[in-house]
Amino acid sequence: MSTRIAFLKGHGTENDFVIIPDPENVIDLPPAAVAALCDRRAGIGGDGLLHVVRSAAHPEARAMAAEAEWFMDYRNGDGSVAEMCGNGVRVFAHYLQRAGHVAEGDIAVATRGGVKTVHIAKEGDITVGMGKALLPEGDVTVSVGERSWPARNVNMGNPHAVAFVEDLDHAGDLYTAPPFSPASAYPDGVNVEFVVDRGLRHVALRVHERGSGETRSCGTGACAVAVATARRDGADPAATGAPATYTVDVPGGRLVITERPDGEIEMTGPAVIVAEGEIDAGWLETATP
């Protein structure tokens, strides 16, 4: 490994990431190394890490290489692997454009949740095709302290439990994962969104992301919330033939989510690169037990 490792820092509606460009997949990033890099006091700091790899160079993405040149090898802040990160995809695409790998317009990005279509607009916002939501059957409950709420089970390539509450403060500190039941609903853990209404087709949320705690934004969570809110409101684009668009405020900004009649969901929002530099590989080795 080189003695210096290039990195960038970026965010999408303040959901922030360490970005490690590694086209040929030669940098070893075990969970402890990722956690060290994402540590906000002893590392660079981030909700997660975007490992930028050519699909053909990664064993989990080679089958997608014909569709998408680049693979977003996404890791949570604790080092665990995640299927998908909506804000991360926008930042990933912005990095690819900044680095000269892609231009404005439509590109494809491989993720563990499948190949995602991304549109980079001239004005800067980025739209991600997030795929279709799955709505597993069965009642789910989430709790914070003495309060409990029914939650809508929504899967966006990763699992979500969406609970509608009277006040976002009822979500508590969200440092630890809110308990849920039944345990069988989410055998690998779950992202939990607490939602309040702000206006017509306009909601706000707070979220606990599994492996990261409370984050300033969650792209897949915003999509799950838009779908759950639409169903609560009696809107199903597949049935009506009309798209449903919701504005979703997150602590770090605003996302616009559209569910089309064919079930495909699009998320539009900003992506920002704030810094770039080099990691001392010697430090990373000592920081990794």
Side-chain angles (χ1 to χ4, degrees), residues 6-8 10 12 15 17-31 33-34 46-76 79-121 126-134 154-160 188 191 209-211 218-224 227 257-260 262-269 271 273:
F7 82 94
L8 299 91
N15 194 186
F17 310 97
V18 179
I19 305 164
I20 305 293
D22 182 22
E24 302 310 317
N25 196 28
V26 297
I27 299 174
D28 185 26
L29 289 171
V34 174
D47 293 323
L49 182 143
L50 305 176
H51 185 206
V52 184
V53 185
R54 281 195 169 89
S55 298
H58 199 289
E60 293 184 69
R62 287 190 187 113
M64 296 180 277
E67 297 178 71
E69 180 181 1
W70 295 96
F71 173 54
M72 185 181 75
D73 175 17
Y74 180 69
R75 319 291 183 85
N76 293 315
S80 60
V81 170
E83 302 92 338
M84 172 60 182
C85 176
N87 289 315
V89 173
R90 293 202 319 279
V91 175
F92 188 94
H94 182 46
Y95 162 75
L96 292 178
Q97 181 189 29
R98 176 191 173 105
H101 297 307
V102 302
E104 292 173 354
D106 294 334
I107 66 169
V109 174
T111 76
R112 290 185 178 87
V115 175
K116 305 301 178 184
T117 300
V118 181
H119 180 79
I120 303 172
I126 296 176
T127 298
V128 180
M130 299 290 286
K132 298 180 181 181
L134 298 177
V154 182
N155 192 291
M156 287 297 309
N158 57 0
H160 296 267
D188 298 317
N191 305 290
E209 288 196 63
R210 57 176 182 167
C218 176
T220 56
C223 293
V227 171
I257 313 297
T258 298
E259 183 182 10
R260 302 196 319 233
D262 63 1
E264 292 292 326
I265 297 169
E266 296 177 338
M267 175 185 65
T268 300
I273 302 292

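When reading the values below, keep in mind they use all heavy atoms of this one structure, side chains included, and skip hydrogens, waters and symmetry mates.
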For the student: nearest non-hydrogen atoms of [X] and [Y], plus distance:
X	Y	result
Ile19	Pro21	O-CD, 3.5 Å
Gly12	Val91	N-CG2, 3.6 Å
Leu8	Tyr95	CD1-CE1, 3.6 Å
Ala93	Ile120	O-CD1, 3.9 Å
Met156	Ala133	SD-CB, 3.7 Å
Val109	Val118	CG2-CG2, 4.1 Å

Taking the side chain as every heavy atom from C-beta outward, state whether [X] and [Y] have any pair of such atoms under 4.5 Å apart.
X	Y	result
Leu50	Met72	yes
His101	Val52	no
Val154	Leu134	no
Glu266	Val128	no
Leu96	Ile107	yes
Cys85	Asn15	yes

May I have all residue pairs that pass salt bridge (Lys or Arg N to Asp or Glu O under 4.0 Å) and include part of residues 61-72, sequence neighbours excluded?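 Residue pairs passing salt bridge (Lys or Arg N to Asp or Glu O under 4.0 Å), neighbours aside: Arg54-Glu69.
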Kindly state each residue pair satisfying salt bridge (Lys or Arg N to Asp or Glu O under 4.0 Å) with at least one member in residues 88-113, sequence neighbours excluded.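 Residue pairs with at least one partner in residues 88-113: Glu60-Arg112, Asp73-Arg112, Arg98-Glu276.
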Rounded to the nearest 0.5 Å, what separation is found between the [atom1] atom of [X] and the [atom2] atom of [Y]?
X	Y	atom1	atom2	answer
Ile27	Asp22	CD1	CG	4.0 Å
Met267	Asn87	CE	CG	5.5 Å
Cys223	Glu259	SG	CD	9.5 Å
Trp70	Met64	CH2	CE	14.5 Å
Glu83	Tyr74	CD	OH	11.0 Å
Ile257	Thr127	CD1	OG1	9.5 Å

Strictly distance-based, threshold 3.5 Å: is any side-chain N or O of [X] a donor or acceptor partner for the main-chain N or O of [Y]?
X	Y	value
Lys132	Asp262	yes
Asn25	Val53	no
Ser55	Ala68	yes
Asn191	Gly221	no

Going through the checks in order, is the side chain to side chain contact (heavy atoms under 4.5 Å, CB included) test met by His119 and Ile126? CA-CA 6 Å; His119 180 79; Ile126 296 176; over 6 Å; no
Would Leu49 and Ile20 count as a side chain to side chain contact (heavy atoms under 4.5 Å, CB included) here? Give the steps. CA-CA 7 Å; Leu49 182 143; Ile20 305 293; 3.9 Å; yes
Pair Asn155-His160, side-chain donor/acceptor within less than 3.5 Å: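 No, His160 and Asn155 have no side-chain donor paired with an acceptor closer than 3.5 Å.
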